[in-house]
Chemist: 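Handing you this structure, nothing more for now.
First the proteins, then the strands, lettered A, B, ... as listed; each starts at 1.
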Amino acid sequence: MARKTDIRHYQGFLPMTVLCMVLLYGPLIIVMVYSFNDSLSITRWGGFSLRWYYDVFFGLEAPKFQKAAFNSFSIATMAAITSTTIAVAAAVGMIRGGQFRAKTASFALISLPLMVPEIVTAVATLIFFTTIGFTAGYATILVAHIVFCIPFAYLPIAARLEGIENIYEEAAMDLYASRAQAFFQVLMPLMLPGIISGFLLAFVISLDDFIITNFVKGAGIETLPTAIFGAVKQGIKPNIMAISTLLLLLSFVFVTLSWFAGRMGSKNP
Amino acid sequence: MAGPGNSRGFQGVFTPLRYWLLLPSWLVVGFFMVAPVLIMLVYSFLTKEFRGGVIWEFTLAAYDQFFLDRGLFGDEPPKIEWTYIGIFWRSVWQAGLATVLCLLIGFPTAYYIATRPPATRNIWVFLVTIPYWVNLLIRTVSMKFLIRDNGPINEWLLSAGLIAEPIHLINTPVAVQLGLFYSYLPFMVLPIYAAIERFDFSLCEAAADLYAGRWFALWHIIIPNVRPGIVAGCILVFIPSLGAFLAPDLLGGAKNFMIGSLIEEQFKGTAGNWPFGAAASMILLSVVLVVLFFNARNRATQTSGAGH
């Protein structure tokens, strides 16, 4: 009854929402289900099995995937640490810097990697590295990921810092703390949920990136997404569905952690 | 910031360090993002080398190739070259359609979520946020798996007797559209949700008291008020769709090229044409910058016009 008189209620919006969720999750769930399919033909259901997961870890292509996974994880870790550090400094400068002339320009610069289409960033980065003679490979992927991850790390950190009043660092300074102490012992612990959230997002963005990596990687080095792309070009095989499921679950875990970290104690910082 | 009674005057604790704190981000983004785009601009005016790469000689050949057709031997009077403009137009069209479809599904979803009680609202937002961050490649691959000729959907429809032949979607424009729409749907929901969540529903109650119908209120009160969120969502869907590479490549095949695939092709292997790829990237970037510029100007005039 209350629902009928609720001015905010619109008939048909709930079915649309359900449709939206089915569209968003349907394909992912179906791939996950079929990755447990004990059948060589990937669409006929042949019973539950973990054989494709076994294949990913111990099968013929396992060394290739392990190498790609090592590259992906080591690059994501280093890129996330570096970009988060840069983003923390930038957030303190922006949010605690008062009004200054370069503020708008600085924000535009930090968020630039979000505005420019990814393929343009990829082309520009490839051309740049070629021009300065920086040979393609592991290091070029790492540098490109650091740049691309900065805005993703910056946004949750800045949002967190905006919610923290400056009385804490002021109090620390009044009690004769140095600036470094005021930052590392007072402000940073308060910012920590934002920093963790930003770090995890940067990690996921780096881990999942395909387009930029594909351009700058050069021959002979693969990350998980480029290895998956290469394999999919020859047709979707069950072991690819298994490895995709693992990567999906990993992203899911990291995004969930980031989500909760971002909300941790946000009521009274 | 800090009050006047403070020992450091009007300055906050970290205010004097602001430029030093921002310096790393300026340097990294400036050196590895702004400089590369400028070098790409230079490349678009260079002469191509046949094994992929460039010769440092100034020429307009790349842009000429994009827009003009001078015949097979380059000696005919120039006509407009429709191939690449056609690819560009197809990209704009597909991206525009994806934006409209995302809006049609995304707005009711965002509205429904924003009008839930806070506890359930967070669960919904979380559900929309997850695909936003999940690997785009895997999402596109899963869509490809789903709609293949012998994929699960066709198998089910066939075994249920609903269709006699598999529905052929892969390598059609419809598949590309489906991929784009599916990829960027969360980008539409989240900003609209944020705008509706801030909307003051007492305005609707006032409208209802004055005998406005629900749909009248939606069209004349809610939508105008949450327009910035709708515009933001449309931009967030349109821009990545325009430069999309994965959806056209994996779902569309060679016949459904979009600008992203055209660019990618110029840098793959030895058959590519780097200046042409750089020129196509610059043209794409210009379109994006024009969209962002008009949005920024629009927003500026709106806020000054509204008087706050």
Side-chain angles (χ1 to χ4, degrees), chain A residues 7-8 10 13-14 16-17 19-21 23-24 27-28 30-31 43 86 89-90 92-93 96-98 100 106 109-110 112-113 115-117 119-120 123-128 131 143 146-147 150 166 169-170 173 179 182 204 208 210-211 215 225 228-229 232 236 244 247-248 251-252 255 259, chain B residues 1-2 6 12-15 18 21-22 24-26 28-29 32-33 35-37 39-40 43 105 108-109 111-112 115 126-127 129-131 133-135 137-138 141-143 145-146 150-152 155 182 185 201 204-205 208 214 239-240 242-243 245 260 263 267 277-278 281 284-285 288 292:
Chain A
I7 180 76
R8 305 187 309 174
Y10 286 90
F13 278 19
L14 173 62
M16 292 293 252
T17 308
L19 175 67
C20 180
M21 295 298 153
L23 286 168
L24 287 179
L28 297 179
I30 288 171
V31 162
T43 37
I86 295 171
V92 176
R96 290 295 196 255
F100 55 102
S106 298
L109 197 64
I110 292 168
L112 195 63
M115 319 258 217
V116 175
I119 194 143
V120 175
V123 167
T125 312
L126 171 68
I127 288 177
F128 177 72
T131 309
V143 171
I146 290 172
V147 182
I150 287 176
N166 59 6
E169 68 239 41
E170 298 286 346
M173 294 295 277
R179 275 212 180 82
V204 168
D208 284 350
F210 168 72
I211 293 180
F215 265 77
I228 291 174
F229 182 80
V232 165
I236 307 175
S244 299
L247 208 50
L248 279 180
S251 305
F252 179 80
V255 176
W259 170 271
Chain B
M1 293 259 115
N6 190 292
V13 176
F14 302 108
T15 311
R18 60 194 177 197
L21 290 165
L22 282 165
S25 55
W26 290 341
V28 171
V29 181
F32 292 110
M33 182 89 202
V37 170
I39 293 176
M40 183 177 78
Y43 257 63
I105 300 261
T109 306
Y111 184 93
Y112 182 81
T115 53
F126 179 68
L127 283 175
T129 311
I130 289 289
W133 295 107
V134 156
N135 197 316
L137 169 67
I138 295 180
V141 169
S142 63
M143 180 55 88
F145 172 72
L146 197 66
N150 53 351
E155 293 272 321
Y182 166 67
L185 183 55
F201 276 96
C204 284
E205 279 158 30
R214 268 176 205 176
I239 288 180
L242 191 63
F245 165 70
I263 292 171
F267 294 93
S281 302
L284 173 62
L285 184 60
V288 168
L292 290 175

Chemist: So which residue, Trp26(B), Phe14(B), Phe32(B), ends up with the most heavy-atom pairs under 4.5 Å with chain A?
Modeler: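 Looking at each option in turn, the highest pair count goes to Phe14(B).
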Chemist: Please give me the minimum heavy-atom distance between Val13(B) and Arg179(A), naming the atom from each residue.
Modeler: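 Result for this residue pair: O-NE, 2.5 Å.
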Chemist: Check each atom of Phe210(A) against the heavy atoms of chain B and say whether the ones under 4.5 Å are side chain, backbone, both or neither.
Modeler: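 Contact with chain B involves the side chain of Phe210(A) alone.
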Chemist: How far apart are the closest heavy atoms of Pro36(B) and Ala124(A), and which atoms are they?
Modeler: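 Smallest heavy-atom distance, with atoms named: CB-O, 3.4 Å.
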Chemist: Among Ile39(B), Ile105(B), Val37(B), who wins on heavy-atom pairs under 4.5 Å with chain A?
Modeler: Ile105(B)
Chemist: I need the Ser281(B) OG to Ile119(A) CD1 distance, nearest 0.5 Å.
Modeler: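 The CD1 atom of Ile119(A) is 7.0 Å from OG of Ser281(B), to the nearest 0.5 Å.
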Chemist: Select one option (side chain, backbone, both, neither) describing which atoms of Tyr182(B) are under 4.5 Å from chain A's heavy atoms.
Modeler: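 For Tyr182(B), the contact with chain A is made by backbone and side chain together.
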Chemist: Could you look at Val120(A) and say if it's the side chain, the backbone, both or neither that has a heavy atom under 4.5 Å from chain B?
Modeler: both
Chemist: Tell me, for Leu137(B) versus chain A, whether the close heavy atoms (under 4.5 Å) come from the side chain, the backbone, both or neither.
Modeler: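 Only the side chain of Leu137(B) comes within 4.5 Å of chain A.
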Chemist: Do you know which of Phe245(B), Phe126(B), Phe201(B) has the most heavy-atom pairs under 4.5 Å to chain A?
Modeler: Phe126(B)
Chemist: Give, for atom CG of Leu112(A) and atom OG of Ser25(B), the distance between the pair rounded to the nearest 0.5 Å.
Modeler: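 It comes to 12.0 Å.
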Chemist: Between Val204(A) and chain B, which part of the residue has a heavy atom less than 4.5 Å away: side chain, backbone, both or neither?
Modeler: side chain
Chemist: Quick one: side-chain hydrogen bond (donor to acceptor under 3.5 Å, both in side chains) partners of Tyr111(B), sequence neighbours excluded?
Modeler: none
Chemist: If I measure from the heavy atoms of chain B, does Thr17(A) come under 4.5 Å with its side chain, its backbone, both, or neither?
Modeler: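 Contact with chain B is through both the backbone and side chain of Thr17(A).
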Chemist: On a heavy-atom basis, which atom in Met115(A) and which in Ile239(B) lie closest, and how many Å separate them?
Modeler: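 Closest pair (atom of Met115(A), atom of Ile239(B), distance): O-CG2, 3.9 Å.
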Chemist: Below 4.5 Å, heavy atoms only, C-beta onward: do Val134(B) and Phe252(A) meet side chain to side chain?
Modeler: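 Counting from C-beta outward, Val134(B) and Phe252(A) never come under 4.5 Å.
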Chemist: In the structure I gave you, are the side-chain heavy atoms of Val143(A) and Thr125(A) within less than 4.5 Å of one another anywhere?
Modeler: no
Chemist: Between Thr131(A), Ile110(A), Ile150(A), which has the largest tally of heavy atom pairs under 4.5 Å with chain B?
Modeler: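 Looking at each of Thr131(A), Ile110(A), Ile150(A) in turn, Thr131(A) comes out on top.
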Chemist: Less than 4.5 Å to any heavy atom of chain A: does that hold for the side chain of Val288(B), its backbone, both, or neither?
Modeler: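 Contact with chain A is through the side chain of Val288(B) alone.
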Chemist: Please classify the contact of Leu24(A) with chain B as side chain, backbone, both or neither, using a heavy-atom distance under 4.5 Å.
Modeler: both
Chemist: Against chain B, label Leu19(A) side chain, backbone, both or neither, depending on which of its atoms sit under 4.5 Å from a heavy atom there.
Modeler: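 It is the side chain, since no backbone atom gets that close.
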Chemist: How would you list, by chain and number, every residue that makes a side-chain hydrogen bond (donor to acceptor under 3.5 Å, both in side chains) with Thr115(B), sequence neighbours excluded?
Modeler: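 Applying side-chain hydrogen bond (donor to acceptor under 3.5 Å, both in side chains) to Thr115(B) gives none.
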Chemist: In terms of heavy-atom pairs under 4.5 Å, which option from Val31(A), Ile127(A), Val92(A) contacts chain B the most?
Modeler: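 Most heavy-atom pairs within the cutoff with chain B belong to Ile127(A).
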